[in-house]
Amino acid sequence: MTRLLPRPDEPDLLATVRLADAVRPSAEPLLYDALWRRHSSRFPFSDRQVPASVLAELAAAARAEGAVLDLARPAEADRLLRLTREAERRNTADADRAVESRRWVHPPNGEALGMPPETIGPQDSLDRVPMRDFGAHRHPMVLAARPFERRPTLAVLSTRHDRRTDWLRAGEALERVLLVATAHGVRTSLLHQALEWPDLRAQLVDGRCTHAQTILRLGYGPQGPPSPRRTVRQVLAESGRTESAP
């Protein structure tokens, strides 16, 4: 049993876990096995559609963790892509954000921050899917360009409220959705650019009484290469530098 933010006087304690009695076996795929195979894929997907039964399972996985996963119909997907494209344009035009993006790939001190160049993936040559430009320059000799799927399958993960507990629920829901997708052989990537701009984020749910937490791109294609994770020491060191910056 998991309890989120159990002690208000200890804000850094995000959750406690208590062992409980055994439960009935779940009808879901074996998610533990999927842990070792799940990687984001920023590469083009095929035009093969994800079956409705799998999409329903993904929505159920989000509900099990207190979140909502809404599949975008074609017109809605086009609107989400426009918002994401605008957010990516702002990110690239903003000098501070462009420098931050480049640091993820080519940090000034030579220490990788978790985004090896081979994991970035190409840009969409036809600009159908606005991929994150971690190089922040779109130079054709640096970032390869390929045609992406004609009709990307997108889904919005949202929560009813936007409190700290909802952020944690969104993370738990995202984890379960990604693992269920992996168990079914569905590739995933995140289009999170619009989440970084409050005015664009508010438009992602189009008047619904929920708060968007991320956009998922779903489909079939090459498996993304694993990206080395930073150690706890590196994460804490980077957090300390961020908090001390003026």
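Just so it is clear, the model here is predicted, and its values are computed rather than measured. Heads up: numbering here begins at 1 and tracks the sequence.
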If every non-hydrogen atom of [X] is compared with every non-hydrogen atom of [Y], which pair is closest and at what distance?
| X | Y | value |
| --- | --- | --- |
| Asp133 | Ser101 | O-CB, 4.1 Å |
| Leu81 | Val129 | CD2-CA, 4.4 Å |
| Pro11 | Leu14 | O-CD2, 4.0 Å |
| Asn91 | Trp197 | OD1-NE1, 2.9 Å |
| Gly224 | Ser41 | N-CB, 3.6 Å |
| Pro222 | Pro44 | CD-O, 3.4 Å |

List, by chain and then residue number, the residues other than Val205 in its hydrophobic cluster (Ile/Leu/Val/Met/Phe/Trp/Tyr, side-chain heavy atoms under 4.5 Å); write none if there are no others. none
Could you walk me through whether Val50 and Tyr220 pass the side chain to side chain contact (heavy atoms under 4.5 Å, CB included) test, one step at a time? CA-CA 8 Å; Val50 180; Tyr220 297 95; 4.0 Å; yes
Under the side-chain hydrogen bond (donor to acceptor under 3.5 Å, both in side chains) test, residues paired with [X] that sit two or more places apart:
| X | result |
| --- | --- |
| Asp94 | none |
| Glu149 | Arg217 |
| Thr159 | Gln213 |

As a quick check of understanding, evaluate salt bridge (charged side-chain N to carboxylate O under 4.0 Å, His left out) for Arg169 and Glu65, giving each step before the final call. CA-CA 6 Å; Arg169 289 193 185 99; Glu65 300 293 350; over 6 Å; no
Should the heavy atoms of other residues, nucleotides or ligands under 6.0 Å from CZ of Arg37 be counted, would the total exceed 12? yes
Let's go through Leu174 and Leu178 carefully: what are the C-alpha distance in whole Å and the side-chain angles of both, what is the deciding distance for side chain to side chain contact (heavy atoms under 4.5 Å, CB included) to 0.1 Å, and is it a yes or a no? CA-CA 6 Å; Leu174 178 61; Leu178 294 177; 3.8 Å; yes
Would Glu86 and Arg82 satisfy salt bridge (charged side-chain N to carboxylate O under 4.0 Å, His left out), going step by step from the backbone distance to the final call? CA-CA 6 Å; Glu86 169 60 17; Arg82 285 196 297 272; over 6 Å; no
Determine, step by step, whether Ile215 and Leu204 satisfy the side chain to side chain contact (heavy atoms under 4.5 Å, CB included) criterion, reporting the C-alpha distance in whole Å, the side-chain angles of both residues, the deciding distance to 0.1 Å, and the verdict. CA-CA 9 Å; Ile215 301 175; Leu204 293 176; 3.7 Å; yes
Would you call Arg151-Asp78 a salt bridge at under 4.0 Å N-O? yes
Determine, for Arg176 against Glu172, whether the closest basic-nitrogen to carboxylate-oxygen distance falls under 4.0 angstrom. no
For a salt bridge (charged side-chain N to carboxylate O under 4.0 Å, His left out) check, start with the C-alpha distance between Asp124 and Arg85, then their side-chain angles and the critical distance, and finish with the verdict. CA-CA 12 Å; Asp124 185 353; Arg85 193 173 292 112; over 6 Å; no
Here the salt bridge (Lys or Arg N to Asp or Glu O under 4.0 Å) pairs for residues 178-197, sequence neighbours left out, are Arg97-Glu196, Arg132-Glu196
Would you check if the side chain of Thr210 reaches a backbone N or O of Ser158 as a donor-acceptor pair within less than 3.5 Å? no
Got a donor-acceptor contact below 3.5 angstrom from the Asp166 side chain to the Arg163 backbone? yes
Do Leu200 and Leu154 land in one hydrophobic cluster if side-chain heavy atoms of ILVMFWY residues count as linked below 4.5 Å? yes
Determine whether Leu5 and Leu13 make a side-chain contact, defined as any pair of heavy atoms from C-beta on separated by less than 4.5 Å. no
Looking at side-chain heavy atoms only, is the closest gap between Thr2 and Thr16 below 4.5 Å? no
Side chains of residues 66-76: which donor-acceptor partners sit under 3.5 Å, not counting sequence neighbours?
{"residue": "Glu76", "atom": "OE1", "partner": "Arg79", "partner atom": "NE", "Å": "3.2"}
{"residue": "Glu76", "atom": "OE2", "partner": "Arg79", "partner atom": "NH2", "Å": "2.8"}

Go through Gln223 and His39 one step at a time and tell me if the side chain to side chain contact (heavy atoms under 4.5 Å, CB included) criterion holds. CA-CA 7 Å; Gln223 177 173 314; His39 305 295; 3.3 Å; yes
CZ on Arg42 to CD on Gln123, rounded to 0.5 Å: 11.5 Å
